[in-house]
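Structure record follows, encoded as structure tokens.
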Amino acid sequence: MGWFSKISRRGGAQTPRTADRAPQASAPPLSPSPPSRVRRVERAADFPRFQATASDQISSHPGDGTSAARMRFRAAFTPSQPVVDRRMFAGRGEVLTAMIRSIEDQRLHTVMYGVRGIGKTSMLHVLSQAARDARYIVTYVSCGASSNLDETFRAIASNIPLLFHSQYDPTTAEAETGATLKDLLGPNPVTVRVASDLLARIVGTRVLIILDEFDRCELPEFRHNIAELMKNLSDRSVRVQFIIAGVAANLDELVEHIPSIQRNVYALQVPPMGPGELRDLVRNGEELSGLTFTDDAVRAIVRAANGLPYIASLLSHHAGLAAIDSGESLVKIEDVKIAMAEALAEFNGRLSRRAQNHISESLDKQSIELLCALAETAQKSGGYFSFEVLRQKLSNPANVARCIEIIERLEAREILVQAVDDEFGRRHRFIEEGVPSYLWLLSEQSRLSVARERPVKA
Ligand SMILES: Nc1ncnc2c1ncn2[C@@H]1O[C@H](COP(=O)(O)OP(=O)(O)OP(=O)(O)O)[C@@H](O)[C@H]1O
Ligand SMILES: [Mg+2]
């Protein structure tokens, strides 16, 4: 959803938020139209505008007094960006410790995989800082569809100073002028052989090469090359380790030829964040923003996040802005409800028209409820769910049979779900990535509206 629609929803005098909070001013009595010049001035004042300048200064335009609070708040929850500020980073102590151990003690490469929005890139940022503190050279590359070895390796080599090459003394002229390993590469495309020979010359430091968004690479040759390079480096005890990260449900979905490098790799499936970690996420933002979230509001956010920091951050962001809009510094459950409606609108906008229509028009209430229940599992496992999970969730065999029938009907028509047969057996998955989060949030929204004023249980 674009900024314009957000601003117009928030900025308008008739927003659902303000409507929820305070009675609307009654319509002014009819009066003759003002002269056109005055009307033009009024229109200019009403026109949606940015509240802060590009250098993050609050705009000098007379505003509603909430600009400073909004700006402070915006930095506290950044759902559309990974965390780069340690003060905003919550939990993950165990996972990061395990990664550091495997890098330091076992000198393994790491393959980090997990569902979208689970916090991979944020962890990589924090890990990079820790590694730089320990004087590692860290080079971070965000991969794209057309990534290839030549381009990627040149980018990596340009971050490694020549003074760490065994043949260049720090006092040599080249090293002193700030040259890098990239300057040693000839015009021909870089091969695995050339890359590993060059990296094998590194002395006096250790290098971490991070390849994030690896799932986006479309060239099988590139994935193959990286696997081969990782193997070569391990076999030659080179002082360079890879960390590969991307969206995947399992390891070999992300990296080709895993069997050949299995022993050289620490495979890390990023787990969902626990309730305590998600509470910390909200409380960290609270400290940075100066707003306070009621315990009920935090519990509702933690529950709805279902282990995903992205959703916790998104709901906190919208709920905080809803409170600011109503001139409050206390974020309450009502604000979380508004946040859910906004998040649902965003998620819905990302679904295909076919999925949108089907969910809103063709499915009956029972089918939606069933799919919502399955969405909770699917959200944490790359969209997958099994009939086994269904049997555990629904104890009544008649309900299980009815559910299986609904899923098979959808599957046959290739609507919302599809069957997948792989080494894990026969499972099902939601076809579109955004559907599980949308459905799960939908069920949380209806649960909250039923619970009304009753306290929310975590
Ligand atoms: N440990 C954390 N503490 C606080 N916020 C977090 C944490 N991890 C992730 N987030 C928030 O969750 C959102 C998603 O995080 P991030 O971008 O790191 O996930 P990702 O797994 O890399 O996502 P994608 O699969 O889309 O690349 C971001 O808004 C980030 O601010
Ligand atoms: Mg990421």
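FYI, side chains are in, hydrogens and waters are out, and symmetry mates aren't considered; it's all heavy atoms of this structure. Since the model is a prediction, treat every value here as computed from it, not as a measurement. Each ligand, and each atom within it, is numbered from 1 in the order the structure gives.
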Problem set entry | Set of salt bridge (charged side-chain N to carboxylate O under 4.0 Å, His left out) partners for Glu388, sequence neighbours left out |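 Expected list: Arg391.
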Exercise. Is Gly91 near ligand 1, meaning one of its heavy atoms is under 4.0 Å from it?
Worked result: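 Distance cut 4.0 Å: Gly91 fails for ligand 1.
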Exercise. Under the 6.0 Å and 45° cation-pi test, does Arg427 pair with Phe385?
Worked result: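 The answer is no; the distance or angle limit is not met.
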Exercise. Cation over ring, Arg206 on Tyr136, under 6.0 Å and within 45°?
Worked result: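 The answer is no, since Arg206 fails at least one limit relative to Tyr136.
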Which ligand 1 atoms are under 4.0 Å away from a heavy-atom of [X]?
{"X": "Pro79", "result": "28 (C), 29 (O)"}
{"X": "Val247", "result": "25 (O)"}
{"X": "Thr78", "result": "28 (C), 29 (O), 31 (O)"}

For this session: On the 0 to 90° scale, with breaks at 30° and 60°, tag the Phe73-His317 ring pair as parallel, tilted or perpendicular.
Result: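 Phe73 and His317: tilted rings.
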Exercise. Does Ser122 bring an N, O or S atom to within less than 2.8 Å of the Mg ion (ligand 2)?
Worked result: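 No.
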For this session: Determine the minimum heavy-atom distance between Phe430 and Leu371, stating which atoms define it.
Result: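 The answer is CZ-O, 3.9 Å.
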Which part of [X] is near ligand 1, with near meaning a heavy atom under 4.0 Å away: side chain, backbone, both or neither?
{"X": "Met123", "value": "neither"}
{"X": "Leu281", "value": "side chain"}
{"X": "Met88", "value": "backbone"}
{"X": "Thr121", "value": "both"}

Of all the non-hydrogen atoms in the protein, which one sits nearest to [atom], and at what distance?
{"atom": "atom 10 (N) of ligand 1", "result": "Pro309 CB, 3.5 Å"}
{"atom": "atom 30 (C) of ligand 1", "result": "Gln81 O, 3.4 Å"}
{"atom": "atom 26 (O) of ligand 1", "result": "Arg116 NH1, 2.9 Å"}

Donor-acceptor pairs are to be reported for all side-chain atoms of residues 75-82 against protein atoms at under 3.5 Å, with residues two or more places apart or in another chain.
residue, atom, partner, partner atom, Å
Thr78, OG1, Gln81, O, 3.4

For this session: Tell me yes or no: between the side chains of His318 and Glu342, is some donor less than 3.5 Å from an acceptor?
Result: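 The answer is yes; a qualifying pair exists.
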